[in-house]
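Report on one structure; see the data block that follows.
Letters go in sequence order (proteins before strands), and every chain restarts at 1. Note that this is a predicted model, so its numbers are computed, not measured.
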Amino acid sequence: MSATEIASTAPNKQGYRSFGLGAFHFSRDEYFVHIDWPTGKHVLSADVFLRALQRDVAWDFFYGTVNFDAVFGTVNHYGTVDMFAGRFNEAYRKAELDHTENFDTTDIRETFKAMLEDWTNQGFDPFASPEETDKPFGVKDGSNTAAITRRRVAAQRMVGVPGDEQIRTDATHPINRMFADVAQDEPELYPEPGFEDEVCAYSLFAYLSRSDVTWNPSVVSVCKASLYCPTTEEYILPIFHGNDRVEWFVQLSDEITWEVQDRDTGSPRAKVTMRAGDVAAMPGDIRHQGYSPKRSMLLVWENASPELPELIRTGQASVYPVDF
Amino acid sequence: MPSTSYTTEFGSLNAFAKGGIEIIDDNPKNYAFSNIFEVAGSSRPWEKVAVGKNMEYVLEVIRAEGTSEWRTCAHDEFPLVMDGEVTIELVRLERPAVPADKAGSVRLAGEPVGARMGRMVLRRGHQALLPAHTAYRITATAPSVVLLQTIFGDDTVERWADICLS
């Protein structure tokens, strides 16, 4: 049980509680989420807000910035979190409508979790593609706790190693409709007696074909701070991810187009189209959002070294991947 | 009539469709954009070509063809087969051949000394564990492609200008 006190009101006419954290105030109605802060206010579709909120909660604020849209979001300082409005929007800053507050991670996490729980109706799964879930709209209608509190998969060494995360089967993870043609054969293992636990391999592609979520990286192999975080993508990444370090993508199947903008201003910088076998870095000074017309397999490769943001801030590490 | 059946597109050495970058206000070099199959297509067998690099960590593309040398590493490595089929043999070395802080794999001179741990046959999409301080050798009867999660080592090849969009 968290000791954090969550500031909320009784349900409104539509059945939803309102929440407050610092000087920010959040409320929702049938279609929209409304955010107020001392110098301004903002409205987002409940669909957009809940999908972004789900990722922010599940990833524990991720690496760097999670932009819900061009105005609202969070910046992770790994122990504390900034919640902001207009901070990475040049026009808001110029008009002095922007506002940022820093919170202990526990406090913002618990408030966001409570908001996600109260505002997610039964039948709506914020992790699912739009084709695979009900709509998030309407008056309060139950809840979907199981969908929004999925355990985040994070292998300690590699999926399939004894004692670590295990492969997925029909019993818990049926093959996704868009990956019905993905081969399900597993590697052939021929361990000598006594080495059964050390000769380990599994089918990553079969594993991913059974993913029940979209835009939700999970760790499958770990080489010190080098993490393979593959994910399956369909429709639109619900956030603009602002990098605080270089991040790499390996497109394992199909195609994704990335809209790349300047991290601090939102000014467009590039469109990156990745097809199967393509490798590309996302620099440490951009924000990006992906579009995947068919469910695809993306390998997100992260360097989880905690000192990286400081190395970049002090110029000891570059925001660009390689120099050539 | 619209179709609701789907075809998952994977690339291969012989068939891939590389994407690209539409620059608006940036330099394409900032994205270090390459293609695994294109790199493997222009690599010598068993050459370890970096296609991703983040501080000391790398992703290496290996064109697997024939039989590799025996190699060992002080840390775990993880090969992912992107095309073809490979067999990996593992040997538990009697004594580690590299110091614990050595980054990346090194070639072993001659046959490894130690207990045979077994072998694995991997095809497209399969990922394996190469445990620290084991010796491993890879065989591919036809040209195959492996993406290796590892750390920059003595034999990592960097040729970014050749492989990346600019």
Query - Heavy atoms of other groups near A:Arg93 CZ, more than 12 under 6.0 Å - result: yes
Query raised in the report: Within a reach of under 6.0 Å around CD of A:Glu131, are more than 12 heavy atoms found that belong to other residues, nucleotides or ligands?
Result: no
Report task. Could you tell me which of B:Ser34, B:Ala40, B:Gly118 has the largest number of non-hydrogen atom pairs under 4.5 Å with chain A? Result -> B:Ser34
Requested in this report: Kindly give the heavy-atom pair with the smallest separation between B:Ala132 and A:Arg157, and that separation in Å.
Outcome: N-NH2, 4.5 Å
Report task. Mind running side-chain contact (heavy atoms from CB on, under 4.5 Å) on B:Val121 and A:Tyr190 for me, showing each step along the way? Result -> CA-CA 8 Å; B:Val121 180; A:Tyr190 302 99; 4.0 Å; yes
Report summary line: Correct closest heavy-atom pair for B:Leu122 and A:Pro187 would be CD2-CB, 3.6 Å
**Report entry** Proximity of residues 92-103 of chain B to chain A, residues having a non-hydrogen atom under 4.5 angstrom
**Finding:** B:Arg92
Report summary line: One option among A:Ala276, A:Ser226, A:Ser305 has the most heavy-atom pairs under 4.5 Å with chain B, and it is A:Ser226
Query raised in the report: If you tally heavy-atom pairs under 4.5 Å against chain B, which of A:Asp254, A:Leu204, A:Val199 wins?
Result: A:Asp254
Requested in this report: Looking only at non-hydrogen atoms, find the nearest pair between A:Asn303 and B:Tyr57 and report the distance.
Outcome: ND2-CD1, 3.6 Å
**Report entry** Any side-chain heavy-atom pair of B:Met117 and A:Pro191 under 4.5 Å
**Finding:** no
**Report entry** Part of B:Thr7 within contact of chain A (heavy atom distance under 4.5 Å)
**Finding:** both
Report task. Considering non-hydrogen atoms only, spot the tightest contact between A:Glu192 and B:Arg116 and give its length. Result -> CG-O, 3.1 Å
**Report entry** Proximal component of B:Leu80, with respect to chain A [non-hydrogen, under 4.5 Å]
**Finding:** side chain
Query raised in the report: Is the number of heavy atoms from other residues, nucleotides or ligands within 6.0 Å of CG (A:Asp170) greater than 12?
Result: yes
Requested in this report: Measure A:Val161 against the heavy atoms of chain B and call it side chain, backbone, both or neither at under 4.5 Å.
Outcome: side chain
Query - Between CG on residue A:Leu299 and CG on residue B:Leu147, distance to nearest 0.5 Å - result: 7.0 Å
**Report entry** Contact origin within B:Leu90 toward chain A - heavy atom pairs under 4.5 Å
**Finding:** side chain
Query raised in the report: Taking the six-membered ring of A:Tyr320, is NZ or CZ of B:Lys29 closer than 6.0 Å to its centre and within 45° of its axis?
Result: no
Requested in this report: Residue by residue, scan residues 243-252 of chain A and write down, ordered by number, those that have a heavy-atom distance under 4.5 Å to chain B; if none do, write 'none'.
Outcome: A:Val246, A:Trp248, A:Val250, A:Leu252
Requested in this report: Any chance you could measure A:Leu189, atom CG, to B:His126, atom NE2, to the nearest 0.5 Å?
Outcome: 9.5 Å
Query raised in the report: Quick one: of A:Met297, A:Lys294, A:Arg269, who has the most non-hydrogen atom pairs under 4.5 Å with chain B?
Result: A:Arg269
Requested in this report: Could you look at A:Leu227 and say if it's the side chain, the backbone, both or neither that has a heavy atom under 4.5 Å from chain B?
Outcome: backbone
Report task. Take A:Met158 and B:Gln127 through the test side-chain contact (heavy atoms from CB on, under 4.5 Å) and record every step on the way to the result. Result -> CA-CA 9 Å; A:Met158 189 187 78; B:Gln127 185 183 30; 4.2 Å; yes
Report task. For chain B, find which of A:Tyr202, A:Tyr207, A:Trp301, A:Trp258 contributes the most heavy-atom pairs closer than 4.5 angstrom. Result -> A:Trp301
**Report entry** Interatomic spacing from CG in B:Asp26 to CD1 in A:Ile286 - rounded to 0.5 Å
**Finding:** 9.0 Å
Query raised in the report: What part of B:Met120 is in contact with chain A, defined as an atom under 4.5 angstrom from a non-hydrogen atom: side chain, backbone, both or neither?
Result: both
Query raised in the report: So with a 6.0 Å cut-off around OH of A:Tyr235, is the heavy-atom count from everything else above 12?
Result: no
Requested in this report: Find the one option among B:Ala32, B:Ser166, B:Gly11, B:Ser5 whose heavy-atom pairs under 4.5 Å with chain A are most numerous.
Outcome: B:Ala32
Query raised in the report: Heavy-atom distance under 4.5 Å between the side chains of B:Phe78 and A:Val220, does that happen here?
Result: no
Query raised in the report: How about B:Asp76 and A:Cys223: do any of their side-chain heavy atoms sit closer than 4.5 Å?
Result: no
**Report entry** B:Val58 versus chain A, the contacting section by heavy-atom distance below 4.5 Å
**Finding:** backbone
Requested in this report: With side-chain contact (heavy atoms from CB on, under 4.5 Å) as the test, would you mind laying out the steps for A:Lys224 and B:His75 before giving the verdict?
Outcome: CA-CA 8 Å; A:Lys224 297 190 177 179; B:His75 49 80; 4.1 Å; yes
Report task. Could you tell me which of A:Pro193, A:Ala225, A:Ser209, A:Ala317 has the largest number of non-hydrogen atom pairs under 4.5 Å with chain B? Result -> A:Ala225
Query raised in the report: Which residues in residues 151-161 of chain B have any heavy atom lying under 4.5 Å from a heavy atom of chain A?
Result: B:Ile151, B:Trp160, B:Ala161
Query - Close approach to chain A in residues 46-56 of chain B, criterion heavy atom under 4.5 Å - result: B:Val51, B:Gly52, B:Lys53, B:Asn54, B:Met55
Query raised in the report: Under a 4.5 Å heavy-atom cutoff, which of A:Ala206, A:Ala180, A:Ala201, A:Ala270 has the most pairs with chain B?
Result: A:Ala270
Requested in this report: Can you tell which part of A:Glu196 gets under 4.5 Å to a heavy atom of chain B, answering side chain, backbone, both or neither?
Outcome: neither
Report summary line: Here the pair of heavy atoms bringing A:Tyr228 nearest to B:Leu148 is OH-C, 4.2 Å
Query raised in the report: Taking the six-membered ring where the residue is Trp, are the ring centres of B:Phe10 and A:Phe205 under 6.0 Å apart?
Result: yes
Requested in this report: Over all heavy atoms of both residues, which pair between B:Phe33 and A:Met274 is shortest? Give the atoms and the distance, please.
Outcome: CE1-CG, 3.9 Å
Query raised in the report: Any ion pair linking B:Arg123 and A:Asp185 (charged N to carboxylate O, less than 4.0 Å)?
Result: yes
